[in-house]
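Structure first, then comments.
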Amino acid sequence: MKRFVVTFARGFGSGGKEIASLLAKDLGIHCYENRILTLASQLSGLDENLFNAVNEKIREGGGFSGFLRGLPRSRSYIARNEKFVSDDKLFEYQCEIINSLADQESCVIVGKCADHVLRGRDNVVSVYIEAPRAFCLQRTIEHMGVTADVANATITQTDKFRADYYAYYTHGNYWTNPVNYDMTLNSERVGIENCVKVIEDYLIIKGFITRDDISKEKK
């Protein structure tokens with residue numbers, strides 16, 4: 001298996017995080033999302049001891065990803081109920097983390113403008129997952145245990161946050177632009193598990209994995 005990175009952008013409630021997690025599990029690699037943000041938040045606060053510890057892990061080679069994996073996991077859904085406010089320092093450290101992971105291991109990275117951060121690398125596959133509103137609404141109600149009104153507002157607010165975030169840090173590009181990605185999948189029409197299979201087939205076409213790499217991890 002060659003070293004590669006699969007980045008995911010996704011509409012809220014589309015199942016993008018689930019697809020990313022299933023893909024990582026199938027391939028026996030790590031899936032990173034909110035732990036990247038946790039560490040970047042700490043670094044952007046200029047915690048000198050933590051910053052030195054992370055730099056040491058990066059220099060050691062291979063230790064940084066283990067350090068990141070040790071951070072607490074966040075909830076499956078994090079609703080963005082606030083307006084987007086830029087934090088350039090946070091994004092700077094976040095980019096450092098994403099690039100360090102891409103340098104060290106095959107992995108899946110969800111959100112964080114990772115497709116933009118890693119643009120130009122020939123071992124990156126970028127995926128965008130979307131679905132009709134009704135599908136996202138029902139999934140959000142079921143996963144969050146909220147009313148339809150709350151779910152609807154959460155989808156609207158979170159997708160607005162993600163769009164503003166992406167536009168700001170990519171200098172005007174728009175989040176749903178299909179040109180940004182290798183593929184865009186409708187998770188309702190394709191199905192969650194079939195989305196994983198489609199992405200795996202594309203990784204095989206690109207020469208990053210073989211069919212045996214998938215079957216070995218499933219045994």
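When a residue number appears, it is its place in the shown sequence, counting from 1. All values reported here derive from a predicted model rather than from experimental measurement.
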State whether the side chain of [X] and the backbone N or O of [Y] hold a donor-acceptor pair below 3.5 Å, judged by distance alone.
X: N123; Y: R3; result: yes
X: T7; Y: I109; result: no
X: R10; Y: I129; result: no
X: R119; Y: H116; result: yes
X: N180; Y: Y174; result: yes
X: D182; Y: V127; result: no

Rounded to the nearest 0.5 Å, what separation is found between the [atom1] atom of [X] and the [atom2] atom of [Y]?
X: L90; Y: C95; atom1: CG; atom2: SG; value: 9.5 Å
X: I98; Y: C113; atom1: CD1; atom2: SG; value: 8.0 Å
X: Q94; Y: K89; atom1: CD; atom2: NZ; value: 14.0 Å
X: D26; Y: S21; atom1: CG; atom2: OG; value: 11.0 Å
X: I199; Y: I204; atom1: CD1; atom2: CD1; value: 12.5 Å
X: I155; Y: T140; atom1: CD1; atom2: OG1; value: 4.0 Å

Apply side-chain contact (heavy atoms from CB on, under 4.5 Å) to residues D213 and F208 and explain how you reach the verdict.
CA-CA 10 Å; D213 291 324; F208 295 131; over 6 Å; no

Test item: [X] and [Y] side chains (from C-beta on) under 4.5 Å apart, heavy atoms:
X: F4; Y: I209; result: yes
X: L27; Y: I214; result: yes
X: F12; Y: R162; result: yes
X: C31; Y: K25; result: no

Ignoring hydrogens, what is the shortest heavy-atom contact between [X] and [Y]? Give both atom names and the distance.
X: A20; Y: V108; answer: CB-CG1, 3.7 Å
X: V5; Y: E105; answer: CG2-O, 4.3 Å
X: D115; Y: S126; answer: CB-OG, 3.3 Å
X: L118; Y: A102; answer: CD2-CB, 3.8 Å
X: A24; Y: H30; answer: CB-C, 4.2 Å
X: S187; Y: S14; answer: OG-O, 2.5 Å

Does a donor on one side chain and an acceptor on the other come within less than 3.5 Å for R133 and N152?
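N152 and R133 do have a side-chain donor-acceptor pair below 3.5 Å.
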
If you link I, L, V, M, F, W and Y whenever their side-chain heavy atoms are under 4.5 Å apart, who else ends up in the same group as Y166?
Y128, W175, Y181

If Ile, Leu, Val, Met, Phe, Trp and Tyr residues are connected whenever their side-chain heavy atoms lie under 4.5 Å apart, and connections chain through other members, are I192 and Y202 in the same group?
yes

Y168 reachable from Y93 in the ILVMFWY side-chain graph, under 4.5 Å edges:
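Shared cluster, yes.
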
Here's a test for you: under side chain to side chain contact (heavy atoms under 4.5 Å, CB included), which of I19, L203, L185 qualifies with V198?
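Output: one option passes, namely L185.
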
Residues in salt bridge (Lys or Arg N to Asp or Glu O under 4.0 Å) contact with R189, at least two apart in sequence or another chain:
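Per chain and number, R189 pairs via salt bridge (Lys or Arg N to Asp or Glu O under 4.0 Å) with no residue.
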
Please verify the inter-ring angle class for Y165 with F161; under 30° counts as parallel, over 60° as perpendicular, anything in between as tilted.
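Plane angle under 30°, so parallel.
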
Whether D103 and R121 form a salt bridge (side-chain N of Lys/Arg under 4.0 Å from carboxylate O of Asp/Glu) is what I want to check.
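A salt bridge is present here (some side-chain N lies under 4.0 Å from a carboxylate O).
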
Under 4.0 Å between a Lys/Arg side-chain N and an Asp/Glu carboxylate O for D201 and K197?
no

Surrounding CD of E92 (heavy atoms of other residues, nucleotides or ligands, distance under 6.0 Å), is the total greater than 12?
yes

Show the numbers, then the answer: is there a side-chain contact (heavy atoms from CB on, under 4.5 Å) between R139 and E18?
CA-CA 11 Å; R139 281 182 56 88; E18 181 180 353; 3.1 Å; yes

